[in-house]
Structures are given as structure tokens and as C-alpha cells.
Amino acid sequence: MIVVAIKKLISVILTIFIVTTVTFLMMKAIPGDPFSEEQALPKEIHQALREHYGLEAPLSEQYLKYLSSVATWNFGPSFKHKDRTVNRIIREGFPISLVLGVESLALAVGAGILGGAISALNRNRWIDQTTLIICTLGVSIPNFAIATILQYLLAFKLELLPIARWGSFEQSILPAISLAMLPMAFTARLVRASMCKVLEEPYIKLAKAKGLSDWDIMFRHVLKNALLPLCGYLGQLTANILVGSFVIEKIFAIPGLGQWFVTSVMNRDYTAILGLSVFYSIILIGSVTFFDLIGFFLDPRGKSSRLSVSNSV
Amino acid sequence: MTIRFLFTLWLVLILATGCNPDPRDLGSDNFPQTVSVSLSGDLEAFDPRLVRSSYAVTLEHMLFEGLMRKNYAGRILPAIAESFVVSEDGCTYTFTLRSSVWSDGTPLTAHDFEYAWKSVLSPHFPAPNAYQLYVLKNGRAAKSGEVPLDDVGVKALDDHTLEVVLTTPTPYFLELTTTHFYSPVNRLWASELSEMGGGDPFSMLTNGPFMLSSWKLGDEISVVKNPRYWDNAHVRLDRVNFVITDDSTALQMFQRGKLDWVGSPLGFIPSDAVTTLKEQKKLIITPADGTHFFRVNTGSFPLNNVNIRKALAYAIDRKSIVNHVTQAGQPAATGLVPKHLGIQERPYFEDGNTPEAWSHFQEGLKELAISKDDIPPITLCYAQQERSHKIAQAVQHQWEKALGIKVILETCERSVLIDKLSHNNYQISMGSWFGDIADPINFLEVFKYKDTSTNHTLWENEEYISLLDNSSIETDPIVRRELLSKAEGIIISEMPLIPIYHATFNHLSRGLVGVYFSSLGYLDFTYAFKDFSKEE
């Protein structure tokens, strides 16, 4: 077990190192810098700013500086927003995205499992077909379109919910629903497919023959096995939702972390880009590992799957 | 059992994730004179020496006050400076400051002005606006480190007297002193900052009509009345909230009464809503000190020929663009400088005159000794934006129809476009200029030298340069106006840029009286108040 943990730790460090390097190379490769704008600065001022912020130093020197900022987890001030450090941006934006993300996830997973299970149990009947249609809509309609429609109908026209901003539970409802639609649909389809497969298994028939109640079969046998594939999907999904969605946050004026991922690239805000990329990779690695572990515990095959967990990163 | 537990947990999670009352609902009854304004993007900093974005200018005018200020009618009036005298040669200004204090009660002195301006010109301070202070004697030399800061032409003779020495008699100097580029900063506070400037905005001392009350990153900036402002008796607003939202969301919030001002200058009215709002007579359109134009790379074939450039310029039907594409009351432009700045008496050419465009085109072809079929497709590039795309398509159609030239449209990201411009790697590019000061020189200098960082057209003209230089030392305003007018005539006759339209500001507001909306693109709330009888 210790060996597995150490191996994991090494691979995490290696991943972060690669992410830092690739991000650095890509940042330097794209044209533009944090100080270029249409109402251009005089050349000597532009040059002075670049020198002041260390952008004229040789690339290797800049690279080492970035590596050390990752190692010490101190990314320095944002190039664009000079009054604040990247650490502060993450510290203030992430909790908001996190809360919204957890809410959406809970909604998506809960409703998705429920919908998928009901579908699987009533295969090919009308409730299954309806769920299929809703899921298809959820997957095809982009979340910003859903968000805009919901905002216009429920908040603006009917005034049932607040239009935008963050702070109260009512303000979180519409963004959470918009974010949850796609994962909910996907989860439902995934659970339905996997449950259908499990329901065909001989041991389910045996359990029924033994006389176990439907509820017992469901909760003791079917669900555990059906949810296994979901863990793989959830690892990736959780990371994406937790760090915030740029578009949803923009539409609902939520001061989360999501907007920073896009605006920092547009502004060529190097320190912010680096800090956010590394932060996101850590969240991603963390959530994938977490759901791998859950999958490991859910899997009744025990030992044989331990091998597969240690091989997956 | 586990599943039931998980289900309950799930329900609890959903409900628990945000059961707190909205703190913003508290208190607005106690402060009726509260205004909420939509803001498109967060500020980069609050230190006036570090900010350049147009949003920041409004905030800076609320938090800081310089030597002079502008009133309702755009007239320059004394602010921190009570009075001033100008020497005979027009190069030395001596300002007498009134007694005023910083937000912590300590006196504001001439030394604060001297410190602020010198720090901006220091080679070690990353001030992007340093070039605005180059009119000061030795300003440029100090920034490049050639002379010590003590040689710069600003000196506090005593606590209330500031002597400013300029390199040449600059007719627009007083205009410059109304900008935030010339703001004072408290030298004790500033000297404690790290080398990078910036720092905690809440510890920053300010002297303007308002002071910073709260700043939630990416969410909202709140300012309240500054009780220590020297003219505090005339400030009627208690609080101004700048709410950071997306433009469409801002419009919806305005229509539901959550915002009192939406649109320019701190945001935009969504382009699809502009026509409807105009028809409903709700949209307020005001002139802006800005011009939208196309930059032409005069080094790229066939645009190196002036008649080809003129042909392209004359073939555009600007009237139809402003009436059908932009639709926000923008005046068609035949010059570079906005007409209300007063140097253009009549249009420089006739808009949409396709026969004349055709004849210039023929002449250009003759001079280049080529035929129409030898003209390669011309690329028009611009930053991805809905309105730019519509304008580009309109112009592409007009050029193809009038001259038979094939036009390729190319969009790219804003920073990529700027990079292309700086390497002259383009043929025609969409661009604009919004003035820093309300003086024609600010527009004409954009194209002054071939290697001016804002030029990018590879065009330069000696007479143009000397006219601009002479205008900057000319004290007679009528003579100066003629010099500037002549300069504009030259640049239009050579057409390194093709003017399209002059900008306007569009906004919606409710119940506000006394807001000074400068054509430079900032709001001044000093003497504004909410008139509740005007609210719908």
C-alpha cells in the first residue's frame, strides 16, 4: 500500500512538472504580452514594463523562476491586476465556484442516478422514452443556451428567481440547474446502460429466486455494480465543474474562478495562467484519484481490482 | 440503508449550499441616494499611476482629484489648485493650492503632486502612462534615466505652491491636469509600497469626492461619500456601487430595477437591443471622443499607391453602415478627429461617391501600370467582435460592388491582431482611437512618425510632423486650429487610414440628475443625485 502511495505521489509531481513546462512553452509561444493593447504604449515604455516584470530575461531564467513559484506555491501578483496576487485570486474565487459546483454535481448525480435507474427498470416503456428525449436535449443543448433561456423565462419574465449575482440560495438555483443539465443527462444514460447490463446478470436472477425483495436487490446488489462505471466519468467531471464554468459565471455574474481561466489567457496574464493551470491539474488529479478509490471500494471483486487501481494514474 | 442515507445527504447538501440572506438587501433603505452602475470588467488596480483601462478612469475621478477639473459643460475649472499664473513664455505654471486633506485627515500639499509626478517618471516605476508627462521639462529624459528626477520640471515651492516647467508652451497642458495621469498621491503612503506599486487599495489614501468602501473581486466595487473632501457639502450621493456583470445580464437587471445605469462608458448595450431601445426612445446617445477607421499598410502592394487608397476610401458608403449596421447614431467620418473637437469645417470628401472612387481606382491602376485583374485579393483583418464582423462584411460587399476587388475577411484574437500590426503583417486592419484628452492633437499624433507605436501604417509626412510640432507651441488658439486643420487635411489626402465613423456612447439610465458624462468616456458623479420623482 505504501509503495502504491509513493508511486502515486511521484506521478503527481511529475504531472505537475510537465503541466508547468508545457504551459510555460505555450504561453511564450503565443504572440502578444500582458502590456500590448490597441491604444499602444510608446515603445520605450512598453520595453521598460517588460524589463520591470522580468519578461526580457532569458527564457531559461524565466522558466526557473516559474518552477520555483510553483514549488513554493507563490505565484506572485497578476500581471494584469497588479493589486492582487494570484494566490488571492484563487483563494477568493475557488470557494464560490466550489459551492456552485458541489450544488450542480449533487443535482446532476442524484437526479441522474434516479432517472437512469427508473429508466432501466422500465425499459422501453414510455417513461424510458421520455427520459431518453430529455437526456438527448440535455446533451445537445449547450449549457449557456439553457442558462440564457432559464434566466430570461424564470428570472426576467416571470420574476420567480433572481436574474444574476451570487450570495443567496435563490441566486444559485438557475446556475446550478444550467451546469447540471449535461452531466445529469450523461449520468442518466450511463447508469441506465450499466444497470440494464447488471439486471441481466445471473446473480440477480438468483437473488430474486431466493426471495429477496426488490428494494433489497436494488440497494444491495444492483446499484453498487451499476455505479462502478460512473466513478470513472465523475473523476473528470468533478474537476471541470468545481473550478467553475466561464460562460455560466459570466451570464449569472458569479465571481468565481471560471472566468479567470479564459480572461487570463486573453490578457496574456502569465502568472495567473500558470497558477490556474497548476491549480486545475491538482484538482483534476485529486478528483480522479478520489473517484478511483471510491470505485475500488465499491467493486466487490476486491483484490483483482487493486491491481488495476495501482496501474491507473 | 446506505442509499437512503446518501439520498438524504444529497438533499441536505443542495439546500445547505447557500442559505444566507443577500447582504446587499440590507442598508439600501438607510441610504436612499445609492446608485448602482453596471461595469463590464474589473479594474487592474486603484493606484492612479498604474491604471489605463477606460473603466478605471471613472473610478480614479471619483477617488482622486488633481489640480484642475472639468464641469458639466466640459469647461476646465480649478480643483485642488485654487488659482494659477502662467509665465509670459507660456512654459511655467505656478499653481496655488487650496487647503485640503487626504482621506485620513492629513494635509494634502504640493509635495504630494511633486512626488506623484516624479515617481511616474522614475525609470524604476512601472507606470504605463509615463509618456503623458513628457510635456514636463526633462520628463522624457528622466524616464530613460539620462537625468536625475530632480531635474524634472515640477517643484513644490512650499506646501501650497506648485511650480511646473514645461519643455515648450503646451496649449493643452491644463487639459492634461484634469486627467488622472496628473493625480497626486500621498507620498508617505506611496513610499512604503513595494517596488511594483499597487498594494492594498484600502490602505490607499485618496482625496476625491468618494472613497473606496468595498471591493469584492470580480463582483462589485463600492464607493461612499468622502466626508473629508473639500467640496463635500455639494456631494449628494451617499454611495455608488459598480456591479460587474455581463452586458446582456446588465440590461436585464436594469429593466428589473436592479441597476440605475447600464451601457457606456463602463459597459455596452448588447448590439441586438440597440435598435429596439432607440425606437422606444429609451436609449441615450451622446458623442464620444473616438473614431473608428481602417489602418492601411502603405507598404503593401497595391496599397502603396495613394489613388488606390483613396478609391477604397471613397467607395465606402458610411451612411448605410451607421444607419443599418451600427445603428447607434454614429456620425459618418471623413476625418480622423471627431467633428465636435472643432477643426473640421466641412467633410474632406463625399461619402459613398462611387464614380469618384472608380476614377481614382483607374488612375491608381495606370500609375501602377497594371490592369484590374492584376489586383490581388485584399485582406481585411479585425478582432473577433460581432459589430466588427458586420461592418467588415458590409465594406467587403461595397468594395466588391464598386471596384470589383476581391476582399478576404480575417478575424483573429485581439492580442494576435496587435502583434500582427506591430510587425506590419497585414494589409488593411480595423481599428479605432479614443482620445486621452479632448484635443485634436491627441488624434493626429497617433500617426505622427512612421515608428510611433500607434501608427503601424508605415506612413510619414514631413509637413504633417512640422505642423503638429508648431501647433504644440502655438499659443494663439485660432492659428493653432488652422495648423491642426491643415495637418488633418494632409493625412486625409494621403489616406494611410480610412475613416469610417465617429463613435458615440449609448446608455440607459433612470432617475439620475447631474451626472457629467465626459465625451472622453468617464462619469463624474460629484454633483449627481437621484431624483425619485423621475423614476418610472
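In what follows, every chain begins at residue 1, and chains take the letters A, B, ... in the order their sequences are listed.
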Q: Report the C-alpha distance between B:Asp47 and A:Lys82 in whole Å, list the side-chain angles of each, state the deciding distance to 0.1 Å, and finish with yes or no for salt bridge (Lys or Arg N to Asp or Glu O under 4.0 Å).
A: CA-CA 9 Å; B:Asp47 188 326; A:Lys82 302 164 182 93; over 6 Å; no
Q: Would you sort out whether B:Phe181 and B:Tyr131 count as a ring-ring contact (aromatic ring centres under 6.0 Å, His included), showing the intermediate values?
A: CA-CA 10 Å; B:Phe181 310 129; B:Tyr131 64 100; 7.4 Å; no
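Only the side chain of B:Asp419 comes within contact range of chain A, judged by heavy atoms closer than 4.5 Å. For A:Leu49, the part sitting under 4.5 Å from any heavy atom of chain B is the side chain, from C-beta outward, and nothing else. Residue B:Tyr134 touches chain A through its side chain alone, counting heavy-atom pairs closer than 4.5 Å. Residue contact with chain B, scored on non-hydrogen atoms closer than 4.5 Å, involves the side chain of A:Glu92 exclusively. For B:Gln252, the parts lying under 4.5 angstrom from a heavy atom of chain A are both the backbone and the side chain. Proximity to chain A (any heavy atom under 4.5 Å) is shown, for B:Asp42, by both the backbone and the side chain. Looking at B:Ala127, only its backbone comes within 4.5 Å of chain A, counting heavy atoms on both sides.
For B:Ser119, the side chain to side chain contact (heavy atoms under 4.5 Å, CB included) partners at least two apart in sequence or on another chain are B:Arg49, B:Tyr115. Scanning for ring pair (Phe, Tyr, Trp, His ring centres under 6.0 Å) contacts around A:Phe94 gives A:Phe279, with sequence neighbours left out.
Residue with the most contacts toward chain A among B:Leu43, B:Asp247, B:Ile244: B:Leu43 (heavy-atom pairs, distance under 4.5 Å). Contact tally against chain A (heavy-atom pairs below 4.5 Å) for B:His456, B:Lys143, B:Gln255: the top residue is B:Gln255. Listed options B:Thr452, B:Thr245, B:Thr454 were ranked by heavy-atom pairs under 4.5 angstrom with chain A; first place goes to B:Thr454. Each of B:Ala383, B:Ser415, B:Ser422 has some count of heavy-atom pairs under 4.5 Å with chain A, and the biggest count is that of B:Ser415.
A 4.5 Å side-chain heavy-atom check between B:Leu417 and B:Tyr426 finds every atom pair outside the cut-off.
You'll find the ring centres of B:Phe202 and B:Trp215 outside the 6.0 Å limit.
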